[in-house]
Each structure stands twice: as structure tokens, then as C-alpha cells.
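This structure is a prediction, so every number in the text was calculated from the model and none was measured.
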Amino acid sequence: MTNEATQPKESEAFLARIVRAGGSHVARQGSVYCSGVSAESAGSTMLWLGTISLPAGRRTGAHRHEGHETALLMTAGRDIEIWSGAALERCETIRPGDYLFIPAGVPHVAVNRSSEDAEFLGARNDPAANESVVLMPELDAIVP
């Protein structure tokens, strides 16, 4: 079953499309999203591409993306902690120039303990501007 509202019109399906950067919104997990290519902006059916920021001194809530994978490239900021795993047992540091892959269903938290905003270029195989997020508040206290 396809969602006809997000399917490109037949004549539009064979044209490239330029999408101008638009406004941003705070996602349910706490990071700031600015959609570029999405179902809403370009009629995408399989891809979201945009920027994500995590302000200085902030963190996301524990969450997972049940139905999609996420790939990120850190473009600016300082060290960001990425906690992941069923009990958020693994902590790694991502720095500008590093890529991050988050498989579908993996619980995770991002923490920015620095005084600089962190910026990422992100892509996922869920085209909706407001992605499907499952918040996991029962895990929030695990991350200091």
C-alpha cells in the first residue's frame, strides 16, 4: 500500500528538484532538525536528508527508531558521546569528520558536554520530516 499524498505526480517523477533550506524543529528526542529532502519537501518515498544539531550542554532523551536506519556525518562541534545498546552500555565519542551508523531498533542517547553546538549531516530511510521515534524514558537515568 502506498501513500498517494507522498507519491510524486507522474510528470514530476522524472524531474530533479531543488529544495531550499527551510525552518527547523525540535524533534521528540531533543535534537534540532532541519529537513532538506523529505516526503513533504520533495515527494521522497524512501529517503530523508537534512541537518541535525545538538546544542551545547544538551542531550537527547533515550530513544530508538523502530523502522529505519540513520547515518550521520559530524560536521562541526566538539566531542559528542553516543551511548547505545539495550541498556545503553556502550559509550563512544564522535568528532567532526566521523560518520555514525545507527541500525533500526537500537536504543541510543547523544550527549554534548561541550560549550559548542554540534552539527551533523544526516540521512535515513524514513522520508518523513517527523521521523518515527520511540522514546525510552526508563533508560534516561543510565547516562550520567
- Glu40 and Ser38: side-chain donor and acceptor closer than 3.5 Å?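 Their side chains do contain a donor-acceptor pair, which is all the 3.5 Å distance test asks for.
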Are the side chains of [Y] and [X] in contact, using a 4.5 Å heavy-atom criterion?
X	Y	result
Asp117	Pro55	yes
Asp140	Arg59	yes
Arg95	Asp79	yes
Ser41	Trp48	no
Thr45	Pro127	no
His63	Arg28	no

Rounded to the nearest 0.5 Å, how far does [atom2] of [Y] lie from [atom1] of [X]?
X	Y	atom1	atom2	result
Glu119	Leu72	CD	CG	12.0 Å
Ser24	Ile52	OG	CD1	12.0 Å
His25	Ser31	NE2	OG	8.0 Å
Arg64	Ser84	CZ	OG	14.5 Å

Among [options], which one satisfies side chain to side chain contact (heavy atoms under 4.5 Å, CB included) with [X]?
X	options	value
Ile102	His68, His108, Glu69	His108
Phe120	Ile80, Leu100, Thr70	Ile80
Val109	Thr60, Leu139, Ile82	Thr60

- Is the side chain of Arg90 donor-acceptor paired with the backbone N or O of Gly85 at a distance under 3.5 Å, no angle test?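 Answer holds: no.
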- Compare every heavy atom of Gly23 with every heavy atom of Cys34, then report the nearest pair and how far apart it is.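 Looking at all heavy atoms of both residues, the shortest contact is SG-O, 3.8 Å.
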